[in-house]
Each structure stands twice: as C-alpha cells, then as structure tokens.
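The structure's right below; bear with me while I get my questions together.
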Amino acid sequence: MRLSELGELGLLAELERRGLIVGVEHDAAQLPGGLVVTQDALVEGVHFRLDWLSWRELGFRAAAVNLSDLAASGADAEALVVTLAAPPQTKLADVLELYEGLAESGVRIAGGDTSAAGQVMLSVTALGHSARVPGRAGARPGDLLVVTGPLGASGAAFRSKRYVRPPLRLEEGKHLARTAHAMLDISDGIAVDAGHLARRSGVRCVIELDRVPLAKGAAIGDLGFGEDYELLAAVEDADEFSVVGRVEAGEAVGLLLNGEPHALPGYEHFAEAATP
C-alpha cells in the first residue's frame with residue numbers, strides 16, 4: 001500500500017497499532033514536568049512557493065505554525081530549534097531574512113542544524129511549558145464549539161496566488177486551556193480538524209457553517225482549505241469567543257449550512273499538494 005492510499009491519519013494509525021509511536025493524539029507531545037514539544041516541516045513546492053512570499057514571511061510562517069500547536073496546548077513558548085536545508089546557491093541575504101522572520105515571532109532560536117538540499121526545507125521544533133493541556137480527547141455532549149478568530153483567509157489568499165501571515169494565538173490558548181474540555185488548532189480545515197476532536201473524544205461534532213466568522217474576502221468553500229491556525233475548542237462557556245457548533249453524542253462530524261447538510265473538503269497529506 002502506498003502513502004497516497006493510506007493518508008496521514010492511516011499512517012499514524014498504523015504506526016500506533018505497531019507500537020512504533022506513542023502519545024500522538026494531541027497537537028503536541030507532552031513530556032514530564034509540563035514540557036510541551038511540537039515539530040512541523042515546510043517543504044518548498046509542497047507547503048510554499050518562494051515566488052508567492054518573501055524569505056522573511058517564510059521564516060515567520062514556519063515559527064507561527066509550530067507556535068499554533070503550543071497555543072492549542074495552552075503553553076508558554078520558550079524556544080525554537082530550527083533546521084534549514086537549502087540549495088548551495090542560496091544567497092546569504094535570503095537566509096538572514098529567513099531567520100529575521102523566525103525571530104519576529106518573539107521566541108528565541110536556541111539551536112538547530114543546516115544541510116544542503118535540492119530545494120528549501122525548513123523544520124522547526126517549538127518547546128514550551130503548560131500547566132494544563134486540554135488535548136483532543138475530552139469533549140463532552142453539550143459542549144459548545146468555539147473558534148478564536150475568522151477562518152478562510154488562507155484559502156481566499158491561495159486563490160489569489162499568495163499567502164497570509166498566520167495569527168499567533170498563544171494568549172488565547174492559555175485562556176481557553178484553563179477550562180476547555182478539548183482544543184486543537186485548525187490547520188487542515190475545520191471539517192477535518194473537528195473530525196480529529198470527534199474521533200479522539202468519542203463524540204459527534206456539529207459545525208454550523210453559517211455561524212463561522214469568515215475572514216475578509218473568504219467564502220464558505222475556503223473553510224476547507226486549512227492553514228487558518230485559529231483554535232477550535234470544546235467548552236461549557238463560550239466567553240468572548242465565536243460559537244460555531246456543538247458537541248453531541250455519536251460520532252464523526254456533521255456540517256450544516258442554513259440548517260441543511262453540507263459537504264466541505266479538507267487538506268489530506270500525501271493525497272494532494274498544497275501548491276500547484
């Protein structure tokens with residue numbers, strides 16, 4: 001079987017079944033002492049195009065997508081460890097601009113590695129500490145589903161052959177983590193990510209698409225693109241956050257638009273590329 005047939009979730013399930021990985025059910029790994037660790041890689045031609053964004057924006061983006069996992073863990077960010085692989089002909093000025101973008105996140109770079117490669121690959125590991133990680137497994141029937149900000153900006157931008165800067169939601173994540181029953185970031189589209197929460201919690205998540213706050217220029221279809229990096233949480237009290245649905249007894253995800261069932265795709269790793 002090929003990875004294109006198995007998909008990311010199928011691959012993780014197989015690795016878990018064989019006991020080759022453990023503790024991967026949440027956005028970040030939880031280690032003793034409240035340490036939270038996450039890692040994401042950005043590959044040229046898959047996750048970004050350098051004719052669509054600057055080196056500085058690439059650096060900030062690489063930091064932000066990792067910090068989003070720490071935000072979903074209710075963590076204080078402490079350090080980034082950065083690995084850069086790039087063609088030998090890459091200009092020094094471009095690499096310096098990349099690291100300036102990483103530093104713009106406000107989190108110190110504590111180490112990393114470099115390597116020659118045929119295309120640019122940027123891998124960032126983010127480390128932090130959290131007093132309470134909600135995880136994905138605690139959602140309960142009766143909970144409200146809330147998001148921390150507007151969605152669809154990345155999908156709308158992609159249609160215009162550009163990228164938008166991901167938000168940093170560390171403060172919102174810490175606020176929600178105090179009481180949220182479950183929480184994760186929205187990286188693969190609201191339907192796919194709500195599915196992660198539903199599967200791990202053993203519940204059904206109902207998303208009312210007409211209640212989802214849309215970013216400027218975004219349409220309902222853009223909610224399936226992903227890369228919004230807002231937080232989706234299951235809570236008893238919505239507080240100041242936008243309610244987009246509810247948790248029920250059952251399984252899987254139900255999407256409603258104006259009260260009627262609606263289909264919405266999501267990003268599937270190995271099945272498709274994020275850049276044309």
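Starting from 1, each residue takes its place in the sequence as its number.
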- Short side-chain to backbone donor-acceptor contact, S68 and A64, under 3.5 Å: no

- Close side-chain approach of I207 to L256, heavy-atom, < 4.5 Å: no

- Query: Any chain of hydrophobic side-chain contacts (each under 4.5 Å) joining V95 to V124?
  - Reply: yes

- Any side-chain heavy-atom pair of M183 and L232 under 4.5 Å: no

- Spacing of CD belonging to E78 relative to CG belonging to D76, to within rounding of 0.5 Å: 7.0 Å

- Message: Run H26 and L184 through side chain to side chain contact (heavy atoms under 4.5 Å, CB included) and show every step you take.
- Response: CA-CA 8 Å; H26 306 308; L184 76 172; over 6 Å; no

- Begin from the C-alpha positions of L145 and F241 and carry the test side chain to side chain contact (heavy atoms under 4.5 Å, CB included) through to its verdict. CA-CA 9 Å; L145 294 172; F241 300 105; over 6 Å; no

- Going by heavy atoms in the side chains, are L67 and V107 under 4.5 Å from each other? yes

- Query: Does a salt bridge link R159 with D222, judged by any charged N lying under 4.0 Å from a carboxylate O?
  - Reply: yes

- Item | A28 backbone acceptor or donor facing T38 side chain under 3.5 Å | no

- Is there a donor-acceptor pair closer than 3.5 Å between any side-chain N or O of R132 and the backbone N or O of A177? yes

- Message: Could you go through V120 and F48, starting from their C-alpha distance and side-chain angles, then the distance that decides it, and tell me whether this counts as side chain to side chain contact (heavy atoms under 4.5 Å, CB included)?
- Response: CA-CA 10 Å; V120 177; F48 66 90; 3.8 Å; yes

- Heavy atoms of R162 and W52 approach each other most closely as N-CE3, 3.7 Å

- Query: Do V36 and S130 come within less than 4.5 Å of each other through their side chains, counting heavy atoms only?
  - Reply: yes

- Decide whether V206 and L264 are clustered together by the hydrophobic rule: side chain heavy atoms of Ile, Leu, Val, Met, Phe, Trp, Tyr closer than 4.5 Å, transitively. no

- Message: How close do A191 and V253 get, counting heavy atoms only, and between which atoms?
- Response: O-CG2, 3.9 Å

- To the nearest 0.5 angstrom, please state how far the OG atom of S73 sits from the CG atom of D27. 6.0 Å

- Message: Quick check for you: to the nearest 0.5 Å, what is the distance between H196 atom NE2 and D188 atom CG?
- Response: 5.0 Å

- Message: Please find the pair of heavy atoms, one from A252 and one from A198, that lie closest to each other, and give the distance.
- Response: O-CB, 3.5 Å

- Message: If you compare all heavy atoms of D143 against all heavy atoms of A234, which two are closest, and at what distance to 0.1 Å?
- Response: OD2-CB, 3.7 Å

- Do F225 and F158 have ring centroids that are under 6.0 Å from one another? yes

- Please determine, by modelled atom types, if H175 and D239 share a side-chain donor-acceptor pair under 3.5 angstrom. yes

- Query: Is there side-chain contact between V146 and S242, with heavy atoms separated by less than 4.5 Å?
  - Reply: no

- Query: Is D185 close to D193 at the side-chain level, that is, under 4.5 Å between some pair of heavy atoms?
  - Reply: no

- Message: Can you confirm whether the side chains of D113 and T83 place a donor and an acceptor under 3.5 Å from each other?
- Response: no

- side chain to side chain contact (heavy atoms under 4.5 Å, CB included) between S187 and Y229: does it pass, once the steps are laid out? CA-CA 5 Å; S187 56; Y229 300 108; 3.7 Å; yes

- Message: Starting from V243, can I reach V235 by hopping between I/L/V/M/F/W/Y residues whose side chains sit under 4.5 Å apart?
- Response: yes

- Approximate separation, where rounding is to 0.5 Å, of F60 CZ and L168 CG: 4.0 Å

- Item | Side-chain H-bond candidate by donor/acceptor type, S123 with Q39, under 3.5 Å | yes

- Identify whether the distance between the nearest side-chain nitrogen and carboxylate oxygen of R17 and E14 falls below 4.0 Å. yes

- With a 4.5 Å heavy-atom cut-off, do T125 and L80 have their side chains touching? no

- Query: With a 4.5 Å limit on heavy-atom distance, are the side chains of L151 and E230 in contact?
  - Reply: yes

- So which heavy atom on N258 is nearest to which on D210, and how close? N-OD1, 3.4 Å

- Any pair with a residue in residues 244-253 that passes salt bridge (charged side-chain N to carboxylate O under 4.0 Å, His left out), sequence neighbours left out, goes on the list, sorted by first then second residue, please. E208-R246, R246-E248

- Message: Do R140 and H181 pair up side chain to side chain, a donor and an acceptor below 3.5 Å, judged on atom types alone?
- Response: yes

- Item | Shared hydrophobic cluster for L20 and L3 (ILVMFWY, side-chain gaps under 4.5 Å) | yes

- With sequence neighbours left out, which residue pairs that include part of residues 51-62 fulfil the salt bridge (charged side-chain N to carboxylate O under 4.0 Å, His left out) condition? R49-D51, R56-E100, R56-E104, E57-R165, R61-E227

- Note on the structure: In this structure, NE2 of H129 is separated from CG of L31 (nearest 0.5 Å) by 9.0 Å

- Query: Of all heavy-atom pairs between Y99 and V82, which one has the smallest distance, and what is that distance?
  - Reply: OH-CG1, 3.8 Å

- Message: To the nearest 0.5 Å, what is the distance between CG on D40 and CG on N66?
- Response: 4.5 Å

- Answer yes if L70 and V81 sit in the same cluster of Ile, Leu, Val, Met, Phe, Trp and Tyr residues linked by side chain heavy atoms under 4.5 Å apart, and no otherwise. no

- Query: Would you say S105's side chain and L102's backbone share a donor-acceptor pair under 3.5 angstrom?
  - Reply: yes

